[in-house]
Chemist: 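Supplied in structure tokens, the structure appears directly below.
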Amino acid sequence: MNSSNENIPSPKELEKEISDFLSKRFGNQVKFVQPLARLNLAASDDGEASLGKETQINFDLKPKDLIAYLDHYIIKQDHAKAVLATKICTHFNRVRHFQQAATTALNMVGQIKNNVLMIGPTGVGKTYMVKLIAQKIGVPFVKGDATKFSETGYVGGDVEDLVRDLVREADGDLERAQYGIIYIDEIDKIASSRNIIGADVSRTGVQRALLKPMEETEVDLKVPHDPISMLQEIEQFRKTGKREKGAINTKNILFIMSGAFQELSDIIRHRITKSPIGFGATHYRAQDKNDLLKQVQSEDLIAFGFESEFVGRLPVRALFETLSEDDLYEILKNPNNPVVLGKKLDFAAYGIDIKFGNELLKAFAKEAFLENTGARGLVSAVENVLLPFEKVLPSLSLQKFPATKAITDHPDMALQQVESENGKQAWEDQFDGLAADEKVYIEAYIRKNIDAYAGQCRLALTPARISAIAACYVRRVSNVENDIAIVESLYDDIKGIELRFFKKNEINIVFEEDTIDYLIQELVDERLTIERIYEQMTEQLAHGLRLILEKTGKNRFFISTRVMIDPEQYLEDLIRNELKHLT
């Protein structure tokens with residue numbers, strides 16, 4: 001065995017030979033590139049890939065919890081949220097249940113995956129919703145475009161590549177990857193075409209290639225004729241003398257498909273308006289596209305151009321509605337929306353804080369609605385209006401930008417006026433007004449969604465804490481969930497001062513809740529730091545509290561907001577009252 005191993009070239013030698021061959025054969029047009037990462041598979045004694053102990057999926061979300069989470073980010077689409085949240089929660093909770101049940105339950109016949117078909121126009125949040133769900137659950141997620149795949153064995157992408165990509169997303173952890181989500185967009189583009197004669201490898205061929213992965217199959221992680229796979233296998237054989245086997249089962253991988261399905265409503269209309277002539281005829285009123293799509297059936301999808309077997313593997317259907325102008329405005333007003341947050345980040349890269357006026361947001365929504373590309377049109381509308389300011393403001397050393405309709409309607413005039421001292425002051429006054437309005441809006445938004453946020457926050461969301469969360473949002477580019485986490489972290493830091501104070505002075509201090517709220521606001525407004533609070537406690541209170549401890553034996557002191565504002569008066573009153581009881 002050793003002598004045979006010595007004749008096997010090392011990966012570097014193989015890489016050089018392959019590179020030389022490619023160079024001679026194709027010149028500089030083709031190059032060999034080393035893999036960026038390798039699967040973390042250790043070979044066991046019998047040559048099988050060792051995956052370690054079976055991972056228990058940690059998933060206990062309820063559908064209502066997931067819907068509440070999606071409500072924070074996505075406007076409208078209540079039907080789609082309910083369908084996706086319910087079926088995805090059911091899928092992963094069922095996986096968890098089977099893991100915890102007897103092994104015989106795992107081999108039951110008749111398990112049907114809740115693979116989902118999403119139907120809706122472009123720009124209504126289909127991809128965004130799936131990404132949010134995968135992020136919330138914490139499972140690997142990959143997205144593919146159906147138009148880029150062909151049937152296995154033909155030129156083009158292989159649908160099984162998506163499964164391999166899922167393993168890469170899971171950092172080579174096969175156990176995590178087998179509970180991932182694969183999302184395929186533009187699935188309507190692979191419906192069969194009647195104009196094609198012969199094998200339709202990019203349409204029905206892709207449908208057939210998807211059938212087994214969507215249900216259950218073993219996908220080999222090594223791709224035939226792939227130099228990277230060859231190198232990995234040779235390296236493994238060189239080390240162990242045994243061949244490694246690596247494959248992933250798709251039984252628990254959830255497949256979600258989406259498409260616009262432009263002509264599907266016409267097919268549905270044709271089906272439901274078929275009726276006999278005479279007194280038994282059923283008459284249907286004219287219906288809009290959304291109403292028609294709500295009545296979609298399997299036969300409509302088959303008539304659209306899908307194989308019946310393919311349709312059968314997508315038992316769950318979620319319909320996305322077209323967004324109105326008001327919906328687009330609500331998206332921009334949502335404090336977690338990526339369009340406004342992304343633009344804030346663009347200006348923050350130059351040290352500029354931007355606030356948006358309501359009238360300007362309404363103008364963005366109107367322009368995007370006329371463009372008829374859904375929420376995607378919002379990005380174009382925002383970019384077109386703000387580009388002149390993004391070009392000039394970084395050179396003016398301004399730190400504030402009030403993005404109002406009055407300013408953006410006349411960019412040249414506004415930029416010229418801001419260079420004067422009076423113009424700059426008026427500019428900053430407008431900014432401060434927008435910042436105050438934003439804080440009021442965020443507070444109202446949190447109160448409106450208090451039940452959902454209370455379930456995510458381990459602190460009681462008192463009015464003072466809601467105000468602090470809103471202040472965090474106004475002062476930095478973030479979303480509400482992150483700002484809640486910041487306030488929670490500040491709370492923990494303040495409680496940590498109690499322990500530090502005891503370790504140094506052997507005196508127990510306890511901050512009252514209203515004191516903590518007061519200090520959180522001081523920290524958010526950057527008037528204090530945690531270190532400065534601790535130093536003040538030590539400098540102003542330690543000596544007096546130690547004196548009381550020595551005289552009375554008292555070793556537990558509650559710190560109110562009054563103590564933080566006027567510590568000298570507090571100590572004076574405390575010493576007088578405590579010592580009075582001794583006389």
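Positions are given from 1 along the sequence.
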Chemist: Closest heavy-atom contact between Thr515 and Ile559?
Modeler: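 Smallest heavy-atom distance, with atoms named: OG1-O, 2.8 Å.
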
Chemist: In terms of side-chain geometry, is the basic nitrogen of Arg576 or Glu572 positioned less than 4.0 Å from the acidic oxygen of its partner?
Modeler: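 The answer is yes: the pair qualifies as a salt bridge.
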
Chemist: Let's go through Asp525 and Gln521 carefully: what are the C-alpha distance in whole Å and the side-chain angles of both, what is the deciding distance for side chain to side chain donor-acceptor pair (under 3.5 Å) to 0.1 Å, and is it a yes or a no?
Modeler: CA-CA 6 Å; Asp525 293 338; Gln521 190 63 60; 3.2 Å; yes

Chemist: Is Lys400 paired with Asp432 through a side-chain N to carboxylate O contact shorter than 4.0 Å?
Modeler: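 Salt bridge flag = yes for Lys400 with Asp432.
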
Chemist: Any side-chain heavy atom of Ser258 sitting closer than 4.5 Å to one from Ile184?
Modeler: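 Ser258 vs Ile184: side chains apart.
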
Chemist: Looking at Asp573, I want to see if its CG is surrounded by more than 12 non-hydrogen atoms of other residues, nucleotides or ligands under 6.0 Å.
Modeler: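 Result for CG/Asp573: enclosed.
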
Chemist: For Glu506, does the CD atom have more than 12 heavy-atom neighbours from other residues, nucleotides or ligands under 6.0 Å away?
Modeler: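 Not buried by this count: 12 neighbours or fewer within 6.0 Å.
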
Chemist: So, taking the atom named CD1 in Ile133 and the one named CD1 in Ile181, what distance separates them when rounded to the nearest 0.5 Å?
Modeler: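 That separation rounds to 7.0 Å.
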
Chemist: Can you check whether Gln417's main-chain N or O pairs, donor with acceptor, with Ser420's side chain at less than 3.5 Å?
Modeler: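 Yes.
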
Chemist: Compare every heavy atom of Gly357 with every heavy atom of Leu434, then report the nearest pair and how far apart it is.
Modeler: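 Looking at all heavy atoms of both residues, the closest pair is CD2-CA, 3.8 Å.
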
Chemist: Are any side-chain N or O atoms of Asn336 and backbone N or O atoms of Val480, one a donor and one an acceptor, separated by less than 3.5 Å?
Modeler: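 Yes.
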
Chemist: Taking the six-membered ring of Tyr570, is NZ or CZ of Arg562 closer than 6.0 Å to its centre and within 45° of its axis?
Modeler: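 Here Arg562 fails the 6.0 Å and 45° test against Tyr570.
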
Chemist: Would you please indicate if the ring centroids of Tyr179 and Phe92 are separated by under 6.0 Å?
Modeler: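 That pair fails the under 6.0 Å test.
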
Chemist: With a 4.5 Å heavy-atom cut-off, do Leu323 and Ile331 have their side chains touching?
Modeler: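 The answer is yes, as the side chains (C-beta and beyond) meet within the 4.5 Å cut-off.
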
Chemist: I'd like to know if the side chain of Arg465 and the backbone of Asp517 have a donor-acceptor N/O pair within less than 3.5 Å.
Modeler: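 Not a single qualifying donor-acceptor pair exists.
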
Chemist: So, taking the atom named CZ in Phe364 and the one named CG in Asn384, what distance separates them when rounded to the nearest 0.5 Å?
Modeler: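 Separation between the atoms: 9.5 Å.
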
Chemist: Could you check whether any side-chain N or O of Lys81 sits under 3.5 Å from a backbone N or O of Ala68, counting only pairs where one atom can act as donor and the other as acceptor?
Modeler: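 No; zero donor-acceptor contacts below 3.5 Å.
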
Chemist: How long is the span from the NE2 atom in His91 to the CG atom in Asn252, to the nearest 0.5 Å?
Modeler: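 It is 5.5 Å, given to the nearest 0.5 Å.
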
Chemist: With a 4.5 Å limit on heavy-atom distance, are the side chains of Arg96 and Asn93 in contact?
Modeler: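 Side chain of Arg96 against side chain of Asn93, heavy atoms only: contact under 4.5 Å found.
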
Chemist: Calculate, to the nearest 0.5 Å, the distance between atoms CG and CG belonging to Asn555 and Asn508 respectively.
Modeler: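 Asn555 atom CG to Asn508 atom CG measures 5.0 Å (nearest 0.5 Å).
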
Chemist: Looking at Lys126 and Pro121, would you say the former's side chain and the latter's main chain have a donor-acceptor pair under 3.5 Å?
Modeler: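 Judged by distance alone, yes, a pair lies under 3.5 Å.
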
Chemist: Taking the six-membered ring of Tyr69 as reference, does the cationic atom of Lys136 (NZ for Lys, CZ for Arg) lie under 6.0 Å from its centre and within 45° of its axis?
Modeler: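 Verdict for Tyr69: a cation-pi partner in Lys136.
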
Chemist: Working note: Val139 + Arg176, criterion side-chain contact (heavy atoms from CB on, under 4.5 Å); need CA distance, chi angles, decisive distance, verdict.
Modeler: CA-CA 7 Å; Val139 296; Arg176 282 191 65 226; 5.9 Å; no

Chemist: Could you go through the side chain to side chain donor-acceptor pair (under 3.5 Å) check for Gln178 and Glu175 one step at a time?
Modeler: CA-CA 6 Å; Gln178 71 178 350; Glu175 291 298 311; 3.0 Å; yes

Chemist: Would you please test Tyr453 and His72 for ring pair (Phe, Tyr, Trp, His ring centres under 6.0 Å) and show each step?
Modeler: CA-CA 9 Å; Tyr453 281 124; His72 294 163; 4.1 Å; yes

Chemist: Before accepting this row, confirm whether a basic side-chain N of the pair Arg164/Asp161 lies closer than 4.0 Å to the acidic partner's carboxylate O.
Modeler: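 So Arg164 pairs with Asp161 through a salt bridge.
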
Chemist: Does the side chain of Val418 reach to within under 4.5 Å of the side chain of Ile407, using non-hydrogen atoms?
Modeler: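 Not touching, per the 4.5 Å side-chain cut-off.
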
Chemist: Could you check whether Lys343 pairs with Glu390 (Lys NZ or Arg NE/NH1/NH2 to Asp/Glu carboxylate O, under 4.0 Å)?
Modeler: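 Looking at Lys343 and Glu390, the cut-off is met.
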
Chemist: Please check if the side chain of Ser478 supplies one atom and the backbone of Asn482 the other of a donor-acceptor pair under 3.5 Å.
Modeler: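 Not at all, since once roles are kept as given, no pair shorter than 3.5 Å links the two residues.
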
Chemist: First locate atom SG of Cys472, then atom CD1 of Ile520, and finally report the distance between them rounded to the nearest 0.5 Å.
Modeler: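 Separation between the atoms: 9.0 Å.
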
Chemist: Taking the basic N atoms (NZ, or NE/NH1/NH2) and the acidic carboxylate oxygens, is any pair closer than 4.0 Å for Lys362 and Asp326?
Modeler: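 No, Lys362 and Asp326 are not salt-bridged.
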
Chemist: Which pair of heavy atoms, one from Ala170 and one from Pro140, lies closest together, and at what distance?
Modeler: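 What the structure gives for the nearest pair is CB-CG, 3.7 Å.
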
Chemist: Quick check: does any side chain N or O of Asn505 sit under 3.5 Å from a backbone N or O of Ile507, one acting as donor and the other as acceptor?
Modeler: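 Side chain of Asn505 to backbone of Ile507, a donor-acceptor pair under 3.5 Å: no, none is there.
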
Chemist: Look at atom CD of Gln399 and say whether more than 12 heavy atoms of other residues, nucleotides or ligands are closer to it than 6.0 Å.
Modeler: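 Atom CD in Gln399 is not crowded, with 12 or fewer foreign heavy atoms closer than 6.0 Å.
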
Chemist: Does the pair Lys448/Glu443 count as a salt bridge with the N-to-O cut at 4.0 Å?
Modeler: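 Salt bridge absent between Lys448 and Glu443.
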
Chemist: Angle class for the Tyr183/Phe141 ring planes (parallel below 30°, perpendicular above 60°, tilted otherwise)?
Modeler: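 Tyr183 and Phe141: parallel rings.
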
Chemist: Taking Ile509's backbone N and O only, do any of them form a donor-acceptor pair with Arg556's side chain (distance below 3.5 Å, no angle check)?
Modeler: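 No, the answer is negative, given that no donor and acceptor are paired below the 3.5 Å cut-off.
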
Chemist: Should Gln416 and Asp412 be marked as a side chain to side chain donor-acceptor pair (under 3.5 Å) after you check the CA-CA gap, both sets of side-chain angles, and the distance that decides it?
Modeler: CA-CA 6 Å; Gln416 185 177 1; Asp412 293 336; over 6 Å; no

Chemist: For Lys495, is there an ion pair with Glu498 - N to carboxylate O distance below 4.0 angstrom?
Modeler: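 A salt bridge is present here (some side-chain N lies under 4.0 Å from a carboxylate O).
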
Chemist: Is the shortest distance from a Lys or Arg side-chain nitrogen in Arg532 or Glu535 to a carboxylate oxygen in the other one below 4.0 Å?
Modeler: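 Here Arg532 pairs with Glu535 in a salt bridge, since their nearest N and O are under 4.0 Å apart.
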
Chemist: Would you sort out whether Leu523 and Ile494 count as a side-chain contact (heavy atoms from CB on, under 4.5 Å), showing the intermediate values?
Modeler: CA-CA 10 Å; Leu523 291 166; Ile494 293 168; 3.9 Å; yes

Chemist: Does some side-chain heavy atom of Ile354 sit less than 4.5 Å from a side-chain heavy atom of Leu386?
Modeler: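 Yes - at least one pair of side-chain heavy atoms lies under 4.5 Å apart.
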
Chemist: Side chains of Leu571 and His543: closer than 4.5 Å at any heavy-atom pair?
Modeler: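 Answer no - side chains too far apart.
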
Chemist: Any salt bridge between Asp327 and Lys76, counting N to O under 4.0 Å?
Modeler: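 A salt bridge is present here (some side-chain N lies under 4.0 Å from a carboxylate O).
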
Chemist: In terms of the angle between their ring planes, are Phe389 and Trp427 parallel, tilted or perpendicular, with boundaries placed at 30° and 60°?
Modeler: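 Because their plane-to-plane angle lies in the 30° to 60° range, the rings of Phe389 and Trp427 count as tilted.
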
Chemist: Is a donor on one side and an acceptor on the other found under 3.5 Å between the side chain of Asn337 and the backbone of Val340?
Modeler: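 Checked: pair present.
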
Chemist: Using the side-chain contact (heavy atoms from CB on, under 4.5 Å) rule, take Val124 and Glu321 through it: C-alpha gap first, then chi angles, then the decisive distance, then the call.
Modeler: CA-CA 7 Å; Val124 294; Glu321 303 173 57; over 6 Å; no

Chemist: Main chain of Ala485, side chain of Ser489: is a donor-acceptor contact present, judged purely on distance under 3.5 Å?
Modeler: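 Not at all, since once roles are kept as given, no pair shorter than 3.5 Å links the two residues.
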
Chemist: Would Lys333 count as a cation-pi partner of Tyr441, with NZ or CZ less than 6.0 Å from the six-membered ring centre and within 45° of the ring normal?
Modeler: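 Cation-pi check for Lys333 and Tyr441: passes.
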
Chemist: Answer with yes or no after comparing the ring centroid distance for Phe401 and Phe347 against a 6.0 Å cut-off, counting only values under it.
Modeler: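 Ring-ring flag for Phe401/Phe347: true, centres closer than 6.0 Å.
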
Chemist: Are the side chains of Val477 and Asp353 in touch, meaning some heavy atoms are under 4.5 Å apart?
Modeler: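 No; the side chains remain at least 4.5 Å from each other.
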
Chemist: Distance from Lys366 atom NZ to Glu325 atom CD, nearest 0.5 Å?
Modeler: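 The CD atom of Glu325 is 6.5 Å from NZ of Lys366, to the nearest 0.5 Å.
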
Chemist: In this structure, are over 12 heavy atoms from other groups packed under 6.0 Å from Lys131 atom NZ?
Modeler: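 For Lys131, atom NZ is not crowded (no more than 12 foreign heavy atoms under 6.0 Å).
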
Chemist: Is the shortest side-chain heavy-atom distance between Met118 and Leu84 below 4.5 Å?
Modeler: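 Yes, at least one pair of side-chain atoms sits under 4.5 Å.
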
